[in-house]
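Proteins come first, then strands; the chains are lettered A, B, ... in the order of their sequence lines, and each starts at number 1.
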4 protein chains.
Amino acid sequence: MGRKSIAEIRKEEIIEAFFKVVSEKGFSKATIREIAHVAGCNHGMLHHYFANKEAIIEAAVDYVMTAYRAELLEGLSHHESAADRIRFLVSWFCDLDRFNLEFSRAWMEFWVLSKTETSVAVALQECYRDIRNIFAEIIRDGINGGEFRKVDATVTANVILASLEGSTMLWVVDPEETPVEATGKQTEEMIADFLAKREA
Amino acid sequence: MGRKSIAEIRKEEIIEAFFKVVSEKGFSKATIREIAHVAGCNHGMLHHYFANKEAIIEAAVDYVMTAYRAELLEGLSHHESAADRIRFLVSWFCDLDRFNLEFSRAWMEFWVLSKTETSVAVALQECYRDIRNIFAEIIRDGINGGEFRKVDATVTANVILASLEGSTMLWVVDPEETPVEATGKQTEEMIADFLAKREA
Amino acid sequence: MGRKSIAEIRKEEIIEAFFKVVSEKGFSKATIREIAHVAGCNHGMLHHYFANKEAIIEAAVDYVMTAYRAELLEGLSHHESAADRIRFLVSWFCDLDRFNLEFSRAWMEFWVLSKTETSVAVALQECYRDIRNIFAEIIRDGINGGEFRKVDATVTANVILASLEGSTMLWVVDPEETPVEATGKQTEEMIADFLAKREA
Amino acid sequence: MGRKSIAEIRKEEIIEAFFKVVSEKGFSKATIREIAHVAGCNHGMLHHYFANKEAIIEAAVDYVMTAYRAELLEGLSHHESAADRIRFLVSWFCDLDRFNLEFSRAWMEFWVLSKTETSVAVALQECYRDIRNIFAEIIRDGINGGEFRKVDATVTANVILASLEGSTMLWVVDPEETPVEATGKQTEEMIADFLAKREA
DNA sequence: AATGAATGAGTATTCATTCAT
DNA sequence: TATGAATGAATACTCATTCAT
């Protein structure tokens, strides 16, 4: 049975509340009482389910990163060729709807949080390494399959990831000014160009 | 220009102390007392020069962004052709030494701070618009001068800025894992490729 | 006598757990949850058997003092002459093994507790009066039987009790520094001397 | 100049307030806010002068023990012969006025506190060792001077200390029931008897 | 009988800010 | 100017107690 216990439900509610507060008001405003309020429960409850604030942070970061990675892999599974997969990746990162705004805001908070919370730093680094590896593997596949020219897979993966994360971040800072669709398209084009085989 | 008043000197010292504390320990640790301590003065003094903490933040953000922009423009003034200028921009952003690590850390704190402090948000947006415009102007020059192919200058400026800011950020999050020099070179190459005129 | 009910058994388990926690970690650490954990039951159960924490304290203090008194009387029953009985008392108090360390620690906690919990204060006073009376009776017997010289029985009982309780306490505070066996022997000697008939 | 700074005055006030609260209501009631209230200042002030509660405890324990020792030594300086000095010690310990009741209550709290606060444990042990040594020295002087019979000075010091501390403690627990003057006199007599030279 | 979810009062500590000297 | 004493709001965390299941 997939029935969740009350404890599991509550924990998820709390994590989601934490995530919501962080993305809407920033981590500095994410007090235990505010999280509890948003989760619709008493602040004492939070300490019933999580030993301390750090534990909530860890659980939330874990929750988000797992979801992030899972969604990415799920999307990739629908694409075959290396070029298709790269194109999907770019469009996925650049598909910046309201949900992603919330998500990205919280993500940025985690960057900063990683300076003081080692567990966040570790999770973030692992997550990026993971994504980098996924990117690099696709690039290697593309090179081996003759779709891409011979580039350094790891470095190129990093360059692509940087472009995408940078796009997201600029958009978060100033959604109005950033022509998100055009930027996405052009980033896709730039990356495709860079990877494409060139005439001798 | 006249001599700086003592008050101005003190203000600058305080701003620099603020910046130092933020970059080293994060904004959450940047208490009035800590800033005063680093600035070598009494915490009561801070309120003599700045009405409240928010005023310090505003001044510091303003100070940093002005310096950032000035340094960028100064560097650009030594380069003539559009291609050279773009190349300089990329190398300038990717010249990630110890100073830049500190700088970038503080910069990331400002991103996050912009969620709660409107003044920071405004300053950050203005700063990015400014840089985007500088980039776009160079691109337009390059197009007009026949160095670059005809791309949308604004969008491309954004794409380039995103690549560069993304690189910096990934490096800050995990300096060890990010092959910073290789990434810089390849980013430069990718952007140059993208802007270069193509054979018909 | 009939069998003990389950409720009585549970109550005793809880009391013993309370006593154990107090002697090992101190009263300040004796939370309801900790007591329940040591007693091997749910903390909600404690409130099923005891109305509140105060009730547990009262019951525990009562339990301990009853046991203390019973053991003392049992030991005394094996001795006949007043001098023997006094000697037994001293050795009993000074037989400071590991169990007594635990016991004495908890006892000291009760002293302190008696300041805030009237019931503990009353129990402690009753207990000491009881012991004082036992001592005084023996002394009176000794005087009447010609074993001891004519001293004020009540005052002397108090002096002896003070010596013994003081010894215990010093030993609890600094077990390493207190030469417990020698101290016990010498205390015994001092008291015996004091009570002994003197040559005219 | 013996002028005390405001900081020193405040610190002393706080320590005295702490001591007062502990002796009147027990350590468990000695909250930062209560101490501040008794000291007549804001609770934030306490953290201005003492880093944390532990620091207050340490300072208070140190303060009390230093005063205790100083008063003891001062009193001893007015007495010459070993027998006189011992007599003074006993009378000093047994001079149980209102001040001593407060003092002794707090002292008992420290015993219990020493289980959880290492610094208190250390201070208490050092204090007792100190007093024991003072006692032992007097006894040794008495033996050498031919006033006392040859006893083990250390052990006897411990026995005497135990008698005195035990008397105090019983009096604290039940001031009404303990005939304090008579007990003191008899304790003095018992100890004098024990130390006195005996006829061969 | 037994569990653990839920509540709310209480505790140490931090920190921006004010103000007397 | 400059110092640091003083204030009070805010914050994470603890714990006895209640109550639904």
Side-chain angles (χ1 to χ4, degrees), chain A residues 5-11 13-14 28-36 39-57, chain B residues 5-7 10 28-36 39-57, chain C residues 5-7 9-10 28-37 39-57, chain D residues 5-11 13-14 28-36 39-57:
Chain A
S5 69
I6 289 186
E8 282 173 317
I9 293 171
R10 281 281 175 283
K11 278 191 174 191
E13 283 174 358
I14 292 166
S28 67
K29 293 278 192 303
T31 67
I32 290 285
R33 279 183 148 84
E34 176 66 14
I35 297 166
C41 71
N42 182 277
H43 76 273
M45 286 305 305
L46 291 213
H47 289 99
H48 185 68
Y49 291 112
F50 294 96
N52 49 35
K53 203 179 176 181
E54 211 185 321
I56 300 179
I57 296 171
Chain B
S5 70
I6 291 184
R10 278 275 178 287
S28 66
K29 293 275 194 306
T31 67
I32 291 283
R33 280 181 148 84
E34 177 66 12
I35 297 165
C41 73
N42 183 276
H43 72 271
M45 287 305 302
L46 289 211
H47 287 96
H48 189 76
Y49 291 112
F50 295 96
N52 50 34
K53 205 180 176 184
E54 209 184 323
I56 301 178
I57 296 170
Chain C
S5 70
I6 291 184
I9 293 171
R10 280 275 177 286
S28 65
K29 294 274 193 307
T31 67
I32 292 283
R33 281 182 146 84
E34 177 67 12
I35 297 165
H37 176 249
C41 73
N42 183 277
H43 72 270
M45 287 306 300
L46 290 211
H47 287 96
H48 190 76
Y49 292 110
F50 295 96
N52 49 33
K53 204 178 176 182
E54 211 185 322
I56 301 177
I57 297 170
Chain D
S5 68
I6 289 186
E8 282 174 317
I9 293 171
R10 282 281 177 282
K11 278 190 175 192
E13 283 174 359
I14 291 167
S28 67
K29 292 278 193 301
T31 68
I32 291 285
R33 279 181 149 84
E34 176 66 13
I35 297 165
C41 71
N42 182 278
H43 75 273
M45 286 306 304
L46 291 213
H47 289 98
H48 185 68
Y49 292 112
F50 295 96
N52 49 36
K53 202 177 177 182
E54 210 185 323
I56 300 179
I57 297 171

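- For D:C41, whose side chain is taken as the heavy atoms from C-beta onward, the closest listed nucleotide among F:dT7, F:dT17, E:dT17 is F:dT7.
- A salt bridge links A:R10 with A:E13: the closest approach of a Lys/Arg side-chain nitrogen to an acidic carboxylate oxygen falls below 4.0 angstrom.
- Residue D:H48 places at least one side-chain N or O closer than 4.0 Å to OP1 or OP2 of F:dA5.
- In this structure, A:K11 and A:E8 have side chains that are not in contact, with every pair of non-hydrogen atoms separated by 4.5 Å or more.
- In this model, the phosphate group of F:dA16 is not approached by any side-chain N or O of C:N52 to a distance below 4.0 Å at OP1 or OP2.
- In this structure, D:L46 atom CG and E:dT11 atom P are separated by 14 Å, rounded to whole Å.
- Nucleotide F:dA16 holds its P atom 5 Å from the CD1 atom of C:I32, rounded to whole Å.
- Spacing between atom CD of C:E34 and atom P of F:dT14 amounts to 14 Å, rounded to whole angstrom units.
- As rounded to whole Å, 11 Å separates atom P of F:dC15 from atom CD1 of C:I35.
- Distance D:I14 CD1 to E:dA12 C1': 15 Å, rounded to the nearest Å.
- The partner of F:dT21 is E:dA2, by the rule that a Watson-Crick or G-U pair needs both atom distances under 3.5 Å.
- Computed from coordinates, the D:R33 CZ to E:dA12 C1' distance equals 9 Å when rounded to whole Å.
- Residues C:H47 and C:I32 have side chains in contact (heavy-atom distance under 4.5 Å, counting atoms from C-beta outward).
- Taking atom CD on A:E8 and atom P on E:dA5, their separation rounds to 11 Å, with Å as the unit.
- At a cut-off of 3.5 angstrom, counting only N and O atoms as typed in the model, there is no donor on one side facing an acceptor on the other between the side-chain of A:H43 and the base of E:dA6.
- Residue-to-nucleotide proximity on DNA chain F shows that, of C:T31 and B:G40, the 5′-proximal contact is made by B:G40.
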side-chain contact (heavy atoms from CB on, under 4.5 Å) between D:Y49 and D:I6, worked out: CA-CA 11 Å; D:Y49 292 112; D:I6 289 186; 4.1 Å; yes
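- When the nearest nucleotides of DNA chain E are assigned to B:A51 and B:K29 by heavy-atom distance, the more 5′-ward of the two goes with B:K29.
- When the nucleotides F:dA16, F:dC13, E:dA2 are ranked by their closest atom to the side chain of C:R10, E:dA2 comes out on top.
- Between B:N42 and the phosphate of F:dG4, there is a side-chain N or O to OP1/OP2 separation shorter than 4.0 Å.
- Under a cut-off of 6.0 angstrom, the local environment of NZ in A:K53 is crowded, with over 12 non-hydrogen atoms contributed by other residues, nucleotides or ligands.
- Looking at A:H47, its side chain has no donor and acceptor atom pair within 3.5 Å of the base of E:dA5.
- The side chain of C:Y49 approaches E:dA1 more closely than any other nucleotide in the set E:dT13, E:dA1, F:dC13.
- For C:M45, taking side-chain heavy atoms from C-beta onward, the closest of the listed nucleotides E:dA16, F:dC13, E:dA1 is E:dA1.
- Between D:E54 and A:I6, it is A:I6 whose nearest contact on DNA chain E lies nearer the 5' terminus.
- In this entry the distance linking CZ of B:F50 with P of E:dC15 reads 20 Å, nearest Å.
- In this structure, the separation between CD1 on D:I56 and CD1 on D:I14 is 6.5 Å, given to the nearest 0.5 Å.
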